[in-house]
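A note on names: the letters A, B, ... follow the listed sequences, proteins ahead of strands, and every chain is numbered from 1.
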There are 2 protein chains.
Amino acid sequence: MKHRFSHQRALIRKILTDYKGHLSAEEIYERVLKHEPSMSLGTVYRNLHVLEGMGEIRKLMVKEKALYEGERKPHHHIICTRCGMVKNVYKPAHLKCEKCLSWVHDFTVEEAFITAYGVCKQCKK
Amino acid sequence: MKHRFSHQRALIRKILTDYKGHLSAEEIYERVLKHEPSMSLGTVYRNLHVLEGMGEIRKLMVKEKALYEGERKPHHHIICTRCGMVKNVYKPAHLKCEKCLSWVHDFTVEEAFITAYGVCKQCKK
DNA sequence: GTGCATGCAAAACCTTTGCACCCCG
DNA sequence: CGGGGTGCAAAGGTTTTGCATGCAC
């Protein structure tokens with residue numbers, strides 16, 4: 001299916017790329033309404049799905065909740081088990097994660113993500 | 001809160017440890033009914049949550065669906081993006097994943113999981 | 001004009017919860 | 001016996017979908 005330009009999709013995409021973090025569908029919807037008060041929540045979900053399929057955004061689950069992010073550079077996530085904070089970390093190129101799994105047989109790794117759980121600086125105080 | 005023994009919880013736990021794979025809540029419920037036809041789905045969910053909190057089972061999201069597994073040895077997951085197959089992989093001890101992230105500052109990594117996406121042997125044929 | 005995209009609202013889906021009763025410790 | 005555990009069913013939150021209309025191409 002060929003996708004056609006829509007103002008709504010562009011706005012959602014912009015919100016996510018501008019916001020350097022992780023937002024839930026509801027939070028995205030709130031921000032959307034400030035610019036396009038008539039957009040519906042259904043459209044937000046539809047476009048999040050499309051954008052995810054196009055590889056423009058990434059979806060992740062944190063504490064049972066779905067979050068979306070617009071960061072396109074390869075990265076991994078560290079998640080604080082106390083406050084739920086999610087932060088991106090960028091591996092030096094020579095530590096590429098796919099290599100960590102090069103010994104896996106009968107499977108062609110295309111992408112590999114690390115999700116690390118622990119305690120952040122703030123919560124450790 | 002102290003947990004007390006229940007046949008229901010023991011059964012769910014056994015189903016997951018015996019089954020070397022990944023099951024959804026509904027699939028677990030189906031298997032439960034063969035042994036305990038009176039158990040309710042609510043009890044399955046309640047116990048999955050308790051067992052997860054006790055660290056006896058692990059929950060993961062694959063293609064928007066929740067799956068549970070009883071494997072307790074540290075491991076990572078490879079997921080086929082075509083058929084949805086999930087397989088456990090066990091890293092040699094000297095490649096422990098936490099070390100991959102030792103350069104991360106201001107965060108104490110307790111556990112780190114790799115989720116690798118790619119194409120499995122079957123789908124590649 | 002064609003048919004993907006949208007707004008709206010209903011529906012589907014998965015999971016949680018309130019309540020009265022049960023039973024482990 | 002006290003309080004966690006259960007069955008049942010209703011409710012909850014999130015996400016999807018049908019339909020008529022709108023708009024990109």
Discussion item. Could you check whether any side-chain heavy atom of Met85(A) comes within less than 4.5 Å of a side-chain heavy atom of Phe107(B), counting everything from C-beta outward?
Written reply: yes
Worksheet item: Does Tyr117(B) reach the side chain of Ile79(B), with side-chain heavy atoms less than 4.5 Å apart?
Response: yes
Worksheet item: Can you name the one residue among Arg13(A), Arg58(A), Lys20(A) that meets salt bridge (Lys or Arg N to Asp or Glu O under 4.0 Å) with Glu69(A)?
Response: Arg58(A)
Worksheet item: Roughly, in whole Å, what's the span from CZ in Arg4(B) to P in dC24(C)?
Response: 9 Å
Fill in: Qualifying residue, where the test is side chain to side chain donor-acceptor pair (under 3.5 Å) with His75(B) and the options are His77(B), Lys73(B), Glu71(B)
His77(B)
Worksheet item: Considering residues, nucleotides and ligands other than Lys87(B), do more than 12 of their heavy atoms fall under 6.0 Å from its NZ?
Response: no
Worksheet item: How far apart are the closest heavy atoms of Ala66(A) and Lys59(A), and which atoms are they?
Response: CB-CE, 3.7 Å
Worksheet item: Please give, in whole Å, the distance from dG25(C) P to His3(B) NE2?
Response: 13 Å
Discussion item. If the helix axis at each end comes from five base pairs, how far does the helix from dG1(C)-dC25(D) to dG25(C)-dC1(D) deviate from straight, to 10°?
Written reply: 50°
Response to the item:
Quick note, Ser40(A) side chain, CB onward, closest among dG25(C), dT6(D), dC8(C) is dC8(C)
Worksheet item: Whole Å only: how far is the CE atom of Met39(B) from the P atom of dC23(C)?
Response: 14 Å
Fill in: Side chain Arg9(B) and base dG5(D) donor-acceptor under 3.5 Å
no
Item to complete: Would you mind reading off the distance between His7(A) atom NE2 and dG7(C) atom P, rounded to a whole angstrom?
Response: 11 Å
Practice prompt. State, without any angle test, whether Lys124(B) and Thr108(A) hold a side-chain donor-acceptor pair at a distance under 3.5 Å.
Written response: yes
Response to the item:
Note: Leu67(A) and Ser24(A) closest approach over all heavy atoms is CD2-N, 3.7 Å
Fill in: Distance test, side-chain N/O of Ser6(B) to OP1/OP2 of dC24(C), below 4.0 Å
no
Fill in: For atom CG of Asn47(B) and atom C1' of dG7(D), their distance in whole Å
13 Å
Worksheet item: Rounded to the nearest Å, what distance is computed from the CG atom of residue Leu11(B) to the P atom of nucleotide dG7(D)?
Response: 11 Å
Fill in: Of the listed nucleotides dG25(C), dG7(D), dT6(C), the one nearest the side chain of Phe5(B)
dG25(C)
Fill in: Protein-nucleotide distance (Tyr29(A), atom OH; dC8(C), atom C1'), rounded to Å
10 Å
Worksheet item: Is the centre of the Phe5(A) ring less than 6.0 Å from the centre of the His3(A) ring?
Response: no
Response to the item:
Heavy-atom contacts, protein to nucleotides 12-17 of chain C, under 4.0 Å, summarised as B (base), S (sugar-phosphate only) or - (none) per nt, yield --SBBB
Response to the item:
Gln8(B) CD to dG4(D) C1', in whole Å, measures 12 Å
